[in-house]
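Small disclaimer: the values here were computed from a predicted structure and weren't measured.
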Amino acid sequence: MNGYAWLGIAILCEVIATTALKASEGFTRLVPSIITSAGYFVAFYCMAQSMKTVPVGISYAIWSGIGIVLITLLAWVIFKQKLDLPAVLGMGLILAGVLVINLYSKATV
């Protein structure tokens, strides 16, 4: 499988795990705690697979950038956490950085 496909699965699993972590209420709720543990395990396994072909710095930049935005959006929708203008602008800059890396950096090859 392509390294970027592994990375996409890793990001998805990490976002699910982090969302479940919030719902676990400090690991006091069983089902969200199990989802968190399994999600992080699968996420790190997939991340390790992606790093066989994707440079570690690029992989981590994409992982963290997309993860931050997705988790923040889910927190806004699911947990009703508010976003102010600086938060939205900051996430826009993060997304811009990920796009610049993927579209223009020769380090991604």
Side-chain angles (χ1 to χ4, degrees):
M1 186 182 323
N2 179 308
Y4 287 98
W6 280 113
L7 182 57
I9 296 167
I11 292 167
L12 179 64
C13 290
E14 189 264 338
V15 168
I16 291 168
T18 301
T19 304
L21 181 61
K22 168 70 172 156
S24 78
E25 296 179 13
F27 287 108
T28 60
R29 297 181 58 221
L30 182 61
V31 173
S33 298
I34 291 170
I35 292 169
T36 298
S37 299
Y40 281 133
F41 176 81
V42 173
F44 282 107
Y45 175 81
C46 292
M47 181 71 150
Q49 298 308 306
S50 80
M51 287 184 183
K52 289 179 179 178
T53 57
V54 180
V56 67
I58 300 303
S59 183
Y60 200 75
I62 294 168
W63 159 289
S64 59
I66 293 174
I68 287 167
V69 172
L70 290 176
I71 289 167
T72 302
L73 291 173
L74 285 175
W76 177 58
V77 171
I78 296 171
F79 302 113
K80 308 298 183 215
Q81 294 178 350
K82 304 292 184 215
L83 296 175
D84 58 8
L85 182 60
V88 172
L89 291 173
M91 283 188 291
L93 291 171
I94 291 168
L95 280 176
V98 170
L99 286 172
V100 166
I101 288 169
N102 281 293
L103 295 175
Y104 301 109
S105 176
K106 298 203 185 322
T108 61
V109 179

Next item on the list: May I have the step-by-step check of side-chain contact (heavy atoms from CB on, under 4.5 Å) for Ile62 and Ile11, ending in yes or no?
Entry: CA-CA 9 Å; Ile62 294 168; Ile11 292 167; 4.0 Å; yes
Checklist line | Atom pair CG/CG of Leu12 and Leu7 - distance to nearest 0.5 Å | finding: 11.5 Å
Note to self: side-chain contact (heavy atoms from CB on, under 4.5 Å) for Gln49 and Ile9? Distances and angles first, verdict last.
What the structure shows: CA-CA 10 Å; Gln49 298 308 306; Ile9 296 167; over 6 Å; no
Check: Between Trp6 and Tyr45, how do the two ring planes meet: parallel, tilted or perpendicular, split at 30° and 60°?
Finding: perpendicular
Note to self: For a side-chain contact (heavy atoms from CB on, under 4.5 Å) check, start with the C-alpha distance between Thr18 and Tyr40, then their side-chain angles and the critical distance, and finish with the verdict.
What the structure shows: CA-CA 8 Å; Thr18 301; Tyr40 281 133; 2.7 Å; yes
Next item on the list: Return the minimal non-hydrogen interatomic distance between Trp63 and Met47, and the atom names on each side.
Entry: CE3-SD, 3.4 Å
Next item on the list: Write down the atom of Cys13, the atom of Gly39, and the distance for their closest heavy-atom approach.
Entry: CB-O, 3.6 Å
Next item on the list: Identify whether Phe41 and Ile34 are in the same connected component of the hydrophobic contact network (ILVMFWY, side-chain heavy atoms under 4.5 Å).
Entry: no
Next item on the list: Ignoring hydrogens and angles, tell me if any N or O in the side chain of Thr36 forms a donor-acceptor pair with the backbone of Leu21 under 3.5 Å.
Entry: yes
Item checked: Joint hydrophobic cluster, Met51 plus Met1, side-chain heavy atoms closer than 4.5 Å -> no
Margin query: Quick check: is Ile66 connected to Val56 through a chain of hydrophobic side chains (ILVMFWY, heavy atoms under 4.5 Å apart)?
Written below: yes
Margin query: Heavy-atom count check: over 12 atoms from other residues, nucleotides or ligands less than 6.0 Å from Phe79 CZ?
Written below: yes
Next item on the list: Treating Ile, Leu, Val, Met, Phe, Trp and Tyr as nodes and any side-chain heavy-atom pair under 4.5 angstrom as an edge, say whether Val31 and Ile16 lie in one connected cluster.
Entry: yes
Next item on the list: State, to 0.1 Å, how close Met91 and Ile68 come at their nearest heavy-atom pair, and which atoms those are.
Entry: SD-O, 4.4 Å
Margin query: Same cluster or not: Leu70 versus Val98, using hydrophobic residues (I, L, V, M, F, W, Y) connected whenever any side-chain heavy atoms lie under 4.5 Å apart?
Written below: yes
Item checked: Euclidean distance, Ile94 CD1 relative to Leu89 CG, rounded to 0.5 Å -> 11.5 Å
Notebook entry, point to check: Taking C-beta and beyond as the side chain, do Ile71 and Lys22 meet within less than 4.5 Å on heavy atoms?
Noted result: no
Notebook entry, point to check: Which heavy atom in Gly3 sits nearest to a heavy atom in Thr53, and how many Å separate them?
Noted result: CA-OG1, 3.3 Å
Next item on the list: In sequence, state the C-alpha distance, the side-chain angles, and the governing distance for Ile58 and Tyr4, and then conclude on side-chain contact (heavy atoms from CB on, under 4.5 Å).
Entry: CA-CA 10 Å; Ile58 300 303; Tyr4 287 98; 4.0 Å; yes
Check: Where is the tightest heavy-atom contact between Ser50 and Ser59, given as atom of each residue plus distance?
Finding: OG-OG, 3.4 Å
